[in-house]
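Scope of the values below: all heavy atoms of this structure, side chains included, with no hydrogens, waters or symmetry mates. Both counts, for ligands and for their atoms, begin at 1 and track the order of listing.
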Amino acid sequence: MELKEALQQLELLQKKMYAYTCAESALYLDSVTVAPKDTAEGRGVALGILAGESQKLITASETGELLEFLREHREELGEPERRETEELWRSYQQMVRIPADEYMEYAMLTNEASDVWHRAKENSDFELFRPVLERLVEFSRKFAGYYDETKKPYDALLNEFERGADMEYLDAFFAEIRAKLVPLIQEIGRAQQIDDSFLHRYYPVEAQRRFSDYLMEVLQLDRGHCTIGETEHPFTLEFNNKDVRITTNYKENSVAESMYSVIHEGGHAKYELGIRDDLQYTCLAGGVSMGVHESQSRFYENIIGRSREFIGAIFPKMQEFFPEQLSDVTAEQMYRAVNRVEPSLIRTEADELTYCLHVMIRYEIEKQLIGGSLEVKDVPEVWNRLYKEYLGVDVPDDRRGCLQDSHWSGGSFGYFPSYALGSAYGAQMLKNMEQDIDVWGPVSRGDLSAVSGWLREKIHQYGSLMEPSEVVKNACGVFEPSAYTEYLTKKYREIYGL
Ligand code: ZN
C-alpha cells in the first residue's frame, strides 16, 4: 500500500463513521424533540442496524491493517493524521478486545436497564433497580479490564470520560472542595436568605421563547448554523462545526431555568462551532472530553451568565420581555436571586455553589462500588448519609435520592466527576483570561466577543487535536483546584455579606 492511498482510506473511513453518527444523531434528536410518542419501535430497528454497521466498520480487519500501516509510517504523517490514527487505533483495540457476545449482552442490558430505571424512579423503588444495577457494576468492572488492564477498574472507567484523570487526581480535587465549601455552605445556611420569589411569577412560554432568541443573539450564536428546540432534558447535539442544535425546556413559573439552560447549552454550542474546519469529518472534530466541554458550558452559564456585569447588561432587555413580572425588580435583586444558595436534593436543580457537592457524593459512591468496597444494596443508605453530612438535607425517598440520575442505568460509571472538573477548569480559565484581556468591561455592555475569542483561541479551535490535559494546560496552566474554591468563596461571601 502506498501512503497516499492509505491516507485516502483513512479519510474515507472517518467520513463513513461521521455519516453513521449523523444518522444516529438525527434519529435521536427527532425522538426527543418532535417525534410522536409511540414511534420508538421503528427507530429502534434502524438504530440497531446503524450501531451494528458502525461497529463492523471500526472492528474490520481492513481497518486494523490500515491503522497498523499508518502507525508504521507515523513519522511521515502530518499532525492531525498522526493523532487521528492514534485515536482510531485506541478505539479499534478497545472494540476488538471486548468479546462480541459480551458486547451484545451489555447493549441489551443497558437497553433493559433504562426501562427498569424509569419505572423504579417513578415508583421510588430501589429494589426494582437493584438486580440490574448489580449486573451493570459487574459489567463495568469487566469492561474496565478491556479498556486498560494496567489500571485499577475505576481509574480505567474515569479515563474513558476524562483521559488523564484518575482517583489520585480527583481525591485531591474533592478534598479541597470538601474542606473549603462544606463549611461555607453551612455558614450561608445561617445567613439571611435571598428573596427570589419574583423568579417564580407567571412567565408565559411565548415570551420566554422570544427571550431565548435574544439570549442566543447575546451569545453570538449564528442562527444560520445553530437552532434551538424544545425537549424534556436540555442537551446540545452537533453534526459538524456548521450545524449545531441546542434545546431547552420552558416552565411557566420558573424563568431562570430555561434562561440558564439556553446559556449553558449555548456554551457547548460555541465550543463545537469554534472547532477548526480542517478537523471536520474526522474523529478529532468534537470537543475533547466531557470535563472540557462542561468547562465551556459552565463558563458561560455561571461565570459569565451569573455575574453582576452580565445581569446588569441584559436586565433592561429582560424587563422589556417581562414588563409585568419584573417592573418592581432591580438588576441587583436579579443578580442576587439567580445566585441564591440552597442545599437541595436534586443535582440538576442545584445552584452554582452546592452543585459540586452533589457530584462529590456520586464520586465517592462510584469509587467504592467499582472498587468493590460497597455493595449495591447499600447504595441508598450511603447516599442518604452523605447528603445529610455534606448538604445537611434529609432524603425523603429514593426517587429524589439515588434513583434521580439516568447515568448508572446507561452503564456510565466515571462520568459524574467531569461535571465538577469542568466547573473548576472554568474558574481557572477566568483567572488566566483576566490577565490577558479586559473581561468585565465588555461583558457589562453585553458584548461577549472578547471572551468568546479568548476561549476559541485557547480551547475551541483544537477540537480533539490535543489530549484533554494539554487543552487544560493551554488555557489554565497547571490545574489548581484552589482557584475554583477561591472563586466561589469570594463570590458567595460578598453576596451573603459574610
Ligand atoms: Zn452540559
Side-chain angles (χ1 to χ4, degrees), residues 25 28-29 32-33 158 160-163 165 212 215-216 219 221 226-239 241 244-251 256-275 285-306 310 338 346-360 362-363 404-408 410 412-430 448 451-452 455-456 459-460 463-464 468 471-472 475 484 488:
S25 299
Y28 174 74
L29 180 67
V32 292
T33 51
L158 287 168
E160 289 302 296
F161 296 106
E162 196 64 26
R163 203 179 295 155
S212 293
L215 289 171
M216 286 180 75
L219 287 165
L221 288 168
C226 182
T227 55
I228 181 164
E230 291 172 36
T231 189
E232 199 184 330
H233 302 289
F235 62 92
T236 298
L237 191 145
E238 69 284 352
F239 289 98
N241 70 346
V244 177
R245 320 295 174 91
I246 66 169
T247 56
T248 190
N249 179 283
Y250 297 107
K251 297 219 176 81
E257 241 176 86
S258 164
M259 170 179 173
Y260 283 104
S261 87
V262 170
I263 302 176
H264 178 98
E265 302 307 333
H268 283 304
K270 297 285 285 183
Y271 190 178
E272 292 294 333
L273 291 163
I275 294 171
V288 69
S289 70
M290 266 302 304
V292 176
H293 236 302
E294 281 301 306
S295 77
Q296 298 310 290
S297 54
R298 282 170 201 279
F299 193 91
Y300 282 97
E301 178 193 349
N302 293 325
I303 293 181
I304 300 298
R306 286 192 163 86
F310 182 80
V338 298
I346 310 293
R347 176 185 62 85
T348 55
E349 294 167 8
D351 54 76
E352 184 186 14
L353 180 60
T354 57
Y355 185 84
C356 48
L357 297 190
H358 290 263
V359 175
M360 185 167 82
R362 287 154 178 76
Y363 168 69
Q404 65 181 271
D405 296 305
S406 66
H407 303 59
W408 292 341
S412 295
F413 298 92
Y415 187 114
F416 285 119
S418 42
Y419 289 128
L421 276 178
S423 303
Y425 292 156
Q428 207 171 341
M429 282 170 199
L430 174 67
L448 303 190
V451 167
S452 300
L455 293 171
R456 190 177 189 135
I459 300 152
H460 301 173
S464 299
V471 176
V472 171
Y484 179 46
L488 289 172

Closest approach to the Zn ion (ligand 1) by His268, given as the N, O or S atom name: NE2

Closest approach to the Zn ion (ligand 1) by His264, given as the N, O or S atom name: NE2

Donor-acceptor contact below 3.5 Å, side chain Arg347 vs main chain Val359: no

Side-chain donor-acceptor contact under 3.5 Å, Gln296 with His460: yes

Side chains of Tyr355 and Arg298, donor plus acceptor under 3.5 Å: yes

Sidechain-backbone polar pair: Ser464 side chain, Gly286 backbone, donor-acceptor under 3.5 Å: yes

Minimum-distance atom from the Zn ion (ligand 1) among N, O or S atoms of Glu294: OE2

